[in-house]
Structures are given as C-alpha cells and as structure tokens.
2 protein chains.
Amino acid sequence: MTEDMALRVVPRPMRKQVEEGLRNAIMNGRFAPGQHLPDRMLCELFGASRSVVREAVRLLEAEGLVTTIPNRGPFVSFLSPAEAEQVYEVRGVLEALAGEGFALRASAAERAELRRIYEALAALPPRGADQAVLLGLKRDFYEVLMRGSRNPLVGRMFETIINRNTQLRATSLSDPGRLPDTVAEIRRVVEAIEARDAAGAWEACRAHVRSAAAVALRILREREQEARAAPSAARP
Amino acid sequence: MTEDMALRVVPRPMRKQVEEGLRNAIMNGRFAPGQHLPDRMLCELFGASRSVVREAVRLLEAEGLVTTIPNRGPFVSFLSPAEAEQVYEVRGVLEALAGEGFALRASAAERAELRRIYEALAALPPRGADQAVLLGLKRDFYEVLMRGSRNPLVGRMFETIINRNTQLRATSLSDPGRLPDTVAEIRRVVEAIEARDAAGAWEACRAHVRSAAAVALRILREREQEARAAPSAARP
DNA sequence: CCCTCCCGGTTTGTCAGTCAATCTTCCGAT
DNA sequence: ATCGGAAGATTGACTGACAAACCGGGAGGG
C-alpha cells in the first residue's frame, strides 16, 4: 500500500505537455506573432492526436496567447502597441495589489527573501549583465512577491498577463542604461515593504510598471515606424 | 459582392454554443458548485460530441468556472470565502482602472449614457425593487463603463472575474437596505467622472467594490457557519 | 493586359467508435 | 467490522471519416 507513495509517477497528461510546449514555443519566439498554427503541424510537432492539440489550443486561446479565426484556425496573437499599453496598465494594478498585500501580509522570512533577491539585482554590473541571470532574478522577485501577497488569484492572473508580453519584456530590459533605473525602482518597493507601508508599496510597484511600460512602448513604437517604412511581413 | 454583408448568417460553431450554455448553466445555478460534470451527461444535454464538449470545458477551466481533477473529470468550481475575497480585491482594481480610464477618455455621449443609467438606478424603489431590473441596470452600467474606458483588455478580464462570483452578487444586492448605499456609491462614481476627476473616479469605484465585498463576505461567512452547524452536502 | 469566376486541394469543425488506465462501488471473505 | 478484490463507470487518448469553408491558381471574358 505504501510502496510508492513518494515516487508516485504522475505522468503529466499529454494535454498538459502540449499546452506547455506550445506556450513556451510562442513565448520564446519559436512561433512568431501572426503565424498560423495548423493543427496537423502541431500534431506532428508534439506527436499528439488532434483532440489533444485542439484542447491545448483552446486553453491558450483563453489565455490570450492564441487567437482563433472561425474556419481559419488558430494564430499566434499579435500584440499591437495599443494592446501592449493595455497589458501594462493591467499589469500595473495587479503588481500594485500584490505589493500592497505583501506589505500587509507577508512573513518576515518572505520579506528577507525579497531583500536578498533585490541585493542580487543591485550587485549586477550596470552594463552588459547576463540577460538570463537578470530575467531569472526578476522571475524570482515576482514569484516571492506573489506568494507573500497571499492572493493566489492575483498570482495566476499576473502570470497569464505577463505571458502575453514576454517578447516585449526582453526589449524593456535590454535597453542600455535601464538597469540602474530598474534597481532603483525595485529598491523603493523593497523599502516600502520593509517599512510595512502598504500605500508606499502600492505606489512603488505601480511606478515601476509605469516606467517599464514607457520604455517598452517607446521601443515598440519605433519598431512600428520602421516596419511601416519597410513592410516585410503582413499581418493576417 | 455587397449582397448580404449585413445579414450574413454566421452560424455560431457548436463549440461556442456549448461553451455559452455551460457557462450560463453554471452561473445561474443550474449546476451547483462542487457538482460533477461527466462528459457523457454534457454530450446528451447539449447534443454534441465528446470532442466539442471537452474543448468547451477546457475553456471554462481556463476561466476558473470549472476545476478538473485528473482522472476524475470536471467539477463546478467551489468559491470559498477566502477566494471570494480575492475575487473582490481584483475586481476592485479592475473596476477602478476602468473608472479612471472612463474619466479620462470617454466621450461626452458615453458620460451622458452613464448618467442616464444612474438616474434609472436612483429611481428604483428603495425596497422590493425587481431583482432582474436591478441586475440589468448594473450590467448596463458596467458595459458602458468598460466601453468608455477604452481598454478592452480590462473589460474582458472584468467579465471573466465577475462570472466567478455571479452567485454571490445576487446575495450582496438582495441584502435589504443595501440599494440606497449602492446608489450613493454609484452617484459618487458618476459625479467624479462628470468632473473628469480621474483620481476621484478611481477611489469611488474602489470604494464601491469594497463595500459590496464587505456585505457579500459577511453573508457568505454566515452561511458558512450555518453549513458547518448542519452539513447537508459534502464537497468533493 | 487586367478582372472575374470557377475548380481542386487543403484545413477546419464535428462526429462516432475504440481502447487502456483509473476511479468508485459494492460484495464477499476473513 | 475490516480488508481485499471484482465489476462497472469514467477519463484520457487515438483514429478514421466527412461536410463545409477557405485558398490559390488557372480558364475565360472584357
């Protein structure tokens, strides 16, 4: 009876695998925005049957990563600058809500954890820092922030919303000279939280997203200009 | 070429019908929280094949209305008081964001529309008002608010989040004596919006949700007490 | 030469049937 | 009364099939 409780092989359902694989493929750019995703192709790619593929696509559709056009099938969602702005607005209030909740409800251990991650961020070289390390630290930061806010719903919504602009996030971070600003903004978040200042944490979080949005949107609009000058790929 | 643009019969795909039907069935209580939804039953109920039903269920799962337990199938999600509180927190910031955006970006016509709906609400009898009319007016109010905020993403997220607590919303509205408070809160929203006071609209919206949450959570916790005293139906 | 219409291949949307794995239930043995 | 196991039901997954809708290209007309 207790033979294999611990190492109980819970084979992740095929559907989950396809779901994750497809999500990752979209987020790291393996599938470009606007690209068509015929299910035959997905079946071969993941070695799954059509039913499984279609269920997975349906889930990503609800998350907004995929847009289905009737009788034409699923496409990788295209994020216009206007939509990106909306994403940042929502992300801002969710992050602020999490920061507020963290200041009110997180444990001392969690506050310390958050500070450690901040210290690691602050210790990065101002220029030429390893992108992967930077992204990893930011991921950890948000993971702790969401956990400590004691509001799993915000965490889930934050994750799906951030998935929608992962391509963009790289751009806002890669902007040269942005890192010191980022670190300063996050310091304000951490300091407000350590002071148990809920309103301050709220404001610091929202300000951080606002400035990240400003940078990303500027870059995005520049790209848009270039693309309009030299159109290479049309949207569906 | 322009023969039937307007009356173009776009037969809604079966999947959408099942999706909507199931969503409605859950929201108006035809399926109780915690209830098991075997796909055979759903197939018969909607006259659809298993693949279609399963895709629809997958979508509702992503919306949070349905929870699937591996190898046991889909169940109607149960909303604990703690989760309800989280829902209200998120709803509060989304609504506030919409109110803020409306104050900044809505047209004069939309502002007038909002006021008309408010007047209709204020004209209701303080007691014994028709529930259906009341709910309809609130729905219209939010529809206009979201449209005028010029942020479709907020509108979509608001809708899915509000779907999760439709059962509860009836309770918060049915509380005797609550209507005058509701009307007063909404008046503050409308007044701030007409003054183009974004910060005021934000605060008024958030305050409104906060007080609705307080009422609903009180009722919900009372029920919880009763249920614990006399357990009739166990949760899955 | 350009526009239009039709035609065939491709993809979607849907259904029905199959099959192994797993869960629930209930029955019988200890 | 408890334990163990068999029977039935349900899920998860695959396959084959087929009508309807869409796409691209070529035939035909202006």
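Letters A, B, ... are given to chains in the order of the sequence lines, protein chains preceding strands, and every chain is numbered from 1.
- Residue A:K16 contributes atom NZ, which lies 16 Å from atom C1' of D:dA13 at whole-angstrom precision.
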Return all side-chain donor-acceptor pairs below 3.5 angstrom for residues 153-162 of chain B, not counting sequence neighbours, or 'none' if the list is empty.
{"residue": "B:T160", "atom": "OG1", "partner": "B:M157", "partner atom": "O", "Å": "3.2"}

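- Judged by distance alone, with hydrogens and angles left aside, the side-chain atoms of A:T68 form no donor-acceptor pair with the main-chain N or O of A:P74 at under 3.5 Å.
- Which of C:dC15, D:dT15, D:dT10 sits closest to the side chain of B:P38 comes down to D:dT10.
- With D:dA13, C:dT14, C:dT12 as the candidates, the nucleotide lying closest to the side chain of A:S49 is D:dA13.
- The phosphate of C:dT24 (OP1 or OP2) has no side-chain N or O of B:H36 nearer than 4.0 angstrom.
- A straight line from CZ of A:R40 to P of D:dG16 spans 11 Å, rounded to a whole angstrom.
- Comparing C:dC15, D:dG12, D:dC14 against the side chain of A:P13 picks out D:dG12 as the nearest.
- Rounded to an integer number of Å, the gap from B:M41 CE to D:dA9 C1' is 14 Å.
- In this structure, the nucleotide among D:dC22, D:dC14, D:dT11 sitting nearest to the side chain of A:V52 is D:dC14.
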Show me the protein contacts with nucleotides 18-21 of chain D, counting only N or O atoms at under 3.5 Å.
{"residue": "D:dA21", "atom": "O3'", "partner": "A:N71", "partner atom": "ND2", "Å": "3.3"}

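- Residue pairs meeting the salt bridge (Lys or Arg N to Asp or Glu O under 4.0 Å) criterion with at least one member in residues 43-52 of chain A, sequence neighbours excluded, are A:D39-A:R50.
- Across all their heavy atoms, B:V76 and B:P33 have their closest contact at CG1-CA, 3.7 Å.
- For the salt bridge (Lys or Arg N to Asp or Glu O under 4.0 Å) test, no residue two or more places apart in sequence or in another chain qualifies with B:R30.
- As rounded to whole Å, 16 Å separates atom P of C:dT11 from atom CD1 of A:I69.
- Counting non-hydrogen atoms under 4.0 angstrom, B:R15 reaches the backbone sugars and phosphates but no base.
- In this structure, B:D39 atom CG and C:dG17 atom C1' are separated by 14 Å, rounded to whole Å.
- Evaluation of the side-chain hydrogen bond (donor to acceptor under 3.5 Å, both in side chains) rule for A:R54 yields B:E55 as partners, not counting sequence neighbours.
- Taking atom CE of B:M14 as the reference point, atom C1' of C:dC15 lies 10 Å away to the nearest angstrom.
- The separation between B:R54 atom CZ and C:dT14 atom P is 16 Å, rounded to whole Å.
- Listed candidates were C:dG13, D:dC23, C:dT14. Nearest to the side chain of A:T68 is C:dG13.
- Atoms CG (A:L42) and P (D:dC14) sit 14 Å apart, rounded to a whole Å.
- Remark: B:R15 pairs with no residue by the side-chain hydrogen bond (donor to acceptor under 3.5 Å, both in side chains) rule, at least two apart or across chains.
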